[in-house]
Novice: 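Below is one structure. I have some questions about it.
Computation of the quantities below employed the complete heavy-atom set of this structure, encompassing side-chain atoms and omitting hydrogens, waters and symmetry-equivalent molecules.
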Amino acid sequence: METKKTIKVVAAIISKGDRIFATQRGYGDFKDGWEFPGGKVEPGESSKEALVREIREELDADINVGDLLTTVEYDYPQFHLSMDCFWATLVEGSEMKLLEHEAAKWLTRDQLDSVEWLPADTAVIDIIKECPNMNNL
């Protein structure tokens with residue numbers, strides 16, 4: 001049996017009040033799918049450091065990284081994904097710009113199912129729905 005390559009990534013569950021920030025991929029195999037912003041962890045980087053860097057690269061914004069919500073392990077056909085998902089908030093005065101995504105939305109808990117999430121992200125949605133308070137920082 002062939003062992004798949006594991007890709008270690010991080011995702012930010014950016015919350016503002018009762019809303020969560022979702023982004024739509026603008027490139028790659030999963031173009032047009034919805035996901036939480038983030039990306040690959042570089043060698044020597046902690047998950048939280050990677051998340052701060054990725055959000056700066058993708059959204060030109062600064063975030064406060066909070067608690068780990070969950071780690072999703074998901075098998076895509078070509079690779080295994082290990083995704084650390086952290087609660088986050090925007091640093092006061094920081095504005096987000098879409099540098100890599102084609103669209104973005106702020107969604108309430110009731111609106112979370114209104115977009116087509118990527119497979120690994122659907123597991124996170126289920127956990128968010130169980131959280132009594134979405135602003136967990």
Side-chain angles (χ1 to χ4, degrees):
M1 189 168 110
E2 186 184 331
T3 306
K4 291 182 187 174
K5 178 181 176 188
T6 294
I7 298 180
K8 182 77 176 157
V9 299
V10 287
I13 316 304
I14 302 172
S15 64
K16 182 162 64 175
D18 66 345
R19 297 177 303 155
I20 299 279
F21 191 70
T23 53
Q24 189 176 28
R25 282 180 76 94
Y27 59 90
D29 290 345
F30 299 101
K31 183 181 179 335
D32 299 331
W34 287 82
E35 65 181 353
F36 294 106
K40 290 183 185 169
V41 178
E42 301 292 341
E45 220 175 21
S46 74
S47 291
K48 288 186 175 187
E49 289 167 344
L51 197 52
V52 168
R53 176 186 51 75
E54 283 287 346
I55 297 305
R56 215 172 267 146
E57 289 174 5
E58 290 183 10
L59 298 169
D60 193 24
D62 292 314
I63 58 169
N64 295 309
V65 180
D67 294 335
L68 178 70
L69 173 65
T70 189
T71 298
V72 174
E73 302 290 340
Y74 189 87
D75 282 315
Y76 282 100
Q78 297 81 11
F79 59 91
H80 176 80
L81 184 78
S82 180
M83 179 169 68
D84 288 340
C85 303
F86 291 90
W87 288 108
T89 56
L90 283 174
V91 169
E92 199 169 320
S94 193
E95 295 287 325
M96 292 189 281
K97 298 183 200 85
L98 297 183
L99 302 178
E100 294 185 10
H101 297 93
E102 60 186 50
K105 292 181 181 180
W106 285 99
L107 301 170
T108 65
R109 188 188 307 256
D110 294 341
Q111 296 169 325
L112 289 173
D113 292 326
S114 69
V115 298
E116 286 289 320
W117 292 96
L118 295 179
D121 292 72
T122 57
V124 184
I125 296 302
D126 292 339
I127 293 167
I128 291 171
K129 287 180 185 173
E130 308 268 316
C131 287
N133 176 4
M134 290 197 336
N135 201 355
N136 273 28
L137 289 177

Novice: Mind checking whether Tyr76 and Leu118 have side chains closer than 4.5 Å, heavy atoms only?
Specialist: yes
Novice: To the nearest 0.5 Å, what is the distance between CG on Asp32 and CD on Glu102?
Specialist: 4.5 Å
Novice: With a 4.0 Å cut-off, would you call Lys48 and Asp84 a salt bridge?
Specialist: no
Novice: For the backbone of Leu112 and the side chain of Trp117, can you confirm whether one donor and one acceptor N or O come within less than 3.5 Å of each other?
Specialist: yes
Novice: Under 4.5 Å between side-chain heavy atoms, hopping through other hydrophobics if needed: is there a path connecting Leu81 to Ile127?
Specialist: yes
Novice: State, to 0.1 Å, how close Leu90 and Asn64 come at their nearest heavy-atom pair, and which atoms those are.
Specialist: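 Heavy atoms of Leu90 and Asn64 come nearest at O-ND2, 4.1 Å.
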Novice: Between atom CD1 of Ile13 and atom CG of Leu69, what is the distance when rounded to the nearest 0.5 Å?
Specialist: 6.0 Å
Novice: Under 3.5 Å, is there a donor-acceptor pair between the side chain of Asp67 and the main chain of Trp87?
Specialist: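 No: the side chain of Asp67 does not pair with the backbone of Trp87.
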Novice: State, to 0.1 Å, how close Thr89 and Ser15 come at their nearest heavy-atom pair, and which atoms those are.
Specialist: CG2-O, 3.7 Å
Novice: When rounded to the nearest 0.5 angstrom, what is the spacing between CD1 in Ile63 and CD1 in Ile14?
Specialist: 5.5 Å
Novice: Would you give the length of the straight line joining atom NZ of Lys105 to atom CD of Gln24, rounded to the nearest 0.5 angstrom?
Specialist: 8.0 Å
Novice: Step through the shown structure and confirm whether more than 12 heavy atoms of other residues, nucleotides or ligands are within 6.0 Å of NZ on Lys31.
Specialist: yes
Novice: If two hydrophobic side chains count as joined below 4.5 Å and joins carry through other members, does Ile7 share a cluster with Val124?
Specialist: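 The answer is yes; both residues are in one hydrophobic cluster.
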Novice: Hey, what do you get for CD (Glu35) to CZ (Phe30), rounding to the nearest 0.5 Å?
Specialist: 10.0 Å
Novice: Can you give me the closest heavy-atom contact between Pro37 and Phe21, atom names plus distance?
Specialist: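 The answer is CD-O, 4.1 Å.
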Novice: Report the C-alpha separation of Asp121 and Tyr74 in whole Å, then their side-chain angles, then the decisive distance to 0.1 Å, and conclude whether the side chain to side chain contact (heavy atoms under 4.5 Å, CB included) test is met.
Specialist: CA-CA 9 Å; Asp121 292 72; Tyr74 189 87; over 6 Å; no
Novice: Out of curiosity, Met96 CE to Leu59 CG, how far, rounded to the nearest 0.5 Å?
Specialist: 6.0 Å
Novice: Within the supplied structure, the quantity of interest is the number of heavy atoms (other residues, nucleotides, ligands) at a distance under 6.0 Å from Gln111 CD; does it exceed 12?
Specialist: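 Result for CD/Gln111: enclosed.
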Novice: Using the rule given for side chain to side chain contact (heavy atoms under 4.5 Å, CB included), can you reason through Ser47 versus Phe86, listing the C-alpha separation, both sets of side-chain angles and the distance that settles it, and then say yes or no?
Specialist: CA-CA 9 Å; Ser47 291; Phe86 291 90; 3.7 Å; yes
Novice: Which atom pair, heavy atoms only, marks the closest approach of Met83 to Ala120?
Specialist: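 The pair with the smallest heavy-atom distance is CE-O, 3.9 Å.
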Novice: State, to 0.1 Å, how close Trp34 and Ala22 come at their nearest heavy-atom pair, and which atoms those are.
Specialist: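 Closest pair (atom of Trp34, atom of Ala22, distance): CZ3-O, 3.5 Å.
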Novice: Under 3.5 Å, sequence neighbours excluded: what are the donor-acceptor pairs made by side chains of residues 50-58?
Specialist:
from: Arg53; atom 1: NE; to: Glu45; atom 2: OE2; distance (Å): 2.6
from: Arg53; atom 1: NH1; to: Glu57; atom 2: OE1; distance (Å): 3.3
from: Arg53; atom 1: NH1; to: Glu57; atom 2: OE2; distance (Å): 3.2
from: Arg53; atom 1: NH2; to: Lys40; atom 2: O; distance (Å): 3.0
from: Arg53; atom 1: NH2; to: Glu45; atom 2: OE1; distance (Å): 3.0
from: Arg56; atom 1: NE; to: Asp62; atom 2: OD1; distance (Å): 2.8
from: Arg56; atom 1: NH2; to: Asp62; atom 2: OD1; distance (Å): 3.0
from: Glu58; atom 1: OE1; to: Gly38; atom 2: N; distance (Å): 3.4

